[in-house]
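First up is the structure itself, then whatever we jot down about it.
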Amino acid sequence: MRREISSKTHVGLACLGLFTVALFLTAYSVKNPALARVGSALVLKCITPALGAADTLRNHASSVWNGYINLIGTARQNGELRAELQALQSRVALLGEAQRENSRLRELLKFSSERQLHGVTAAVIGGDPSGWVKGLLVDRGSTSGVAPGMAVIHPQGVVGQVVAVTAYSAKVLLVSDHASGVDVLMETSRARGVVEGAGERVCELKFVTKDISVKVGEQVITSGMDGVYPKGLVVGHVAQVGNSSVGLFQPVEIKPSVDFARLEEVLLVPSAASATGAAVLNYPAQGVEKGGE
């Protein structure tokens with residue numbers, strides 16, 4: 001307790017002493033203004049570096065704080081710009097896909113117009129769900145006028161034939177399937193034969209006698225005699241001619257002109273087979289039915 005009183009006494013005495021010195025200096029400076037100016041200049045000279053350092057420190061702190069605020073704003077702005085860029089990239093991708101689709105459809109319609117083929121355009125929506133046959137599913141069915149027996153074609157050539165239909169989808173049997181057959185002509189020799197599927201991306205030309213000259217690369221086109229495919233459509237080209245001493249006919253391998261794995265849109269054309277009023281097959285669409293036209 002005494003120590004606390006003693007400390008307060010010391011502080012009070014110090015304050016009183018400083019006050020007394022201040023009064024003395026004030027009175028002295030009034031009587032001696034020249035000496036007061038010299039003292040003020042000396043004091044100012046002494047404290048100027050300290051004031052400069054304090055000002056520098058304050059400016060530095062202000063700069064750091066403003067930089068921090070600017071960084072926060074820049075980071076936020078960068079985030080917004082990245083989100084906007086991603087949105088624009090997605091939109092560009094969608095527009096690009098729409099442009100490519102329009103280009104393919106224009107090509108398909110141009111092909112249809114040049115060949116005077118009147119049919120239904122359809123998008124490929126999947127492969128055959130059973131896995132037992134070489135086929136495709138398209139997004140047009142009986143509500144769009146699609147019927148079994150219709151020819152399925154593409155500007156590249158013959159795709160196949162509609163074999164089953166639901167209200168909003170149809171199954172297409174590809175020319176590469178073993179059950180498929182297309183009556184054809186050799187483009188150069190005009191010899192007739194039948195192209196049958198032989199597996200993945202391979203067909204065989206049947207019933208071409210050995211006395212007919214068949215050259216590798218020669219195109220094979222539809223004859224129009226099977227009542228399904230219009231005449232003059234490309235089926236494929238001769239990939240290989242075999243030598244066989246057995247039988248009357250020569251083995252000829254045909255490579256289809258259409259890349260079935262990359263098909264996106266096709267044209268379904270009515271044929272004599274589809275115009276006979278055949279009953280619509282109840283083919284299971286595996287959940288792919290959707291709105292038609």
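It should be emphasised that the depicted structure is a prediction, and the values quoted were computed from it without experimental measurement.
- Across every non-hydrogen atom of Pro230 and Thr222, the tightest pair is O-OG1, 2.5 Å.
- In the hydrophobic clustering of ILVMFWY residues, with side-chain heavy atoms under 4.5 Å counting as a link, Val146 and Leu136 come out together.
- No path of Ile, Leu, Val, Met, Phe, Trp and Tyr side chains, each step under 4.5 Å between heavy atoms, connects Val194 with Val234, placing them in separate hydrophobic clusters.
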Using a 3.5 Å cut-off and no angle test, enumerate the donor-acceptor pairs between side-chain atoms of residues 248-255 and protein atoms at least two apart in sequence or in another chain.
{"from": "Gln250", "atom 1": "NE2", "to": "Thr209", "atom 2": "O", "distance (Å)": "2.9"}
{"from": "Gln250", "atom 1": "NE2", "to": "Ile212", "atom 2": "O", "distance (Å)": "2.8"}

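- Between Val158 and Ser257, the shortest heavy-atom distance links the atoms N-OG, 4.5 Å.
- Annotation for Lys134 and Asp177: closest pair N-OD1, 2.8 Å, computed over non-hydrogen atoms.
- Linking ILVMFWY side-chain heavy atoms closer than 4.5 Å, directly or via other members, places Tyr229 and Val269 in a single hydrophobic cluster.
- Residues Leu117 and Val266 fall within the same hydrophobic cluster, defined by Ile, Leu, Val, Met, Phe, Trp and Tyr side chains chained together at heavy-atom separations under 4.5 Å.
- A salt bridge (charged side-chain N to carboxylate O under 4.0 Å, His left out) check over residues 182-199, counting only residues at least two apart or in different chains, returns the pairs Asp183-Arg192.
- Side chain of Arg201 to backbone of Ala261: no donor-acceptor contact under 3.5 angstrom is found.
- In this structure, Val184 is a member of the same hydrophobic cluster as Met186, with clusters built from ILVMFWY side-chain heavy atoms closer than 4.5 Å.
- The heavy-atom pair separating Val214 from Val241 by the smallest distance is O-CG2, 3.6 Å.
- Between the SG atom in Cys203 and the CG atom in Leu174 there is a gap of 9.5 Å [rounded to 0.5 Å].
- If you take CD1 on Ile221 and NZ on Lys231, they are separated by 7.0 Å, rounding to the nearest 0.5 Å.
- For the atom pair CD of Gln156 and CZ of Arg262, the computed distance is 8.5 Å after rounding to the nearest 0.5 Å.
- For the atom pair Leu263 CG and His154 NE2, the distance stands at 5.5 Å (nearest 0.5 Å).
- Note that CZ of Arg115 is 11.5 Å distant from CG of Leu267, once rounded to the nearest 0.5 Å.
- Partners of Lys206 under the salt bridge (charged side-chain N to carboxylate O under 4.0 Å, His left out) rule, at least two apart in sequence or in another chain, are Glu204.
- A 4.5 Å side-chain heavy-atom check between Leu185 and Met225 finds every atom pair outside the cut-off.
- Atoms CD1 and OH, from Ile125 and Tyr168 in turn, are 13.5 Å apart once rounded to the nearest 0.5 Å.
- Taking the side chain as every heavy atom from C-beta outward, Val220 and Val195 approach each other to under 4.5 Å.
- Of all heavy-atom pairs between Ala151 and Val228, the closest is CB-O, 3.4 Å.
- Taking all atoms of both residues into account, the shortest heavy-atom contact from Val216 to Ala239 is CG1-O, 3.8 Å.
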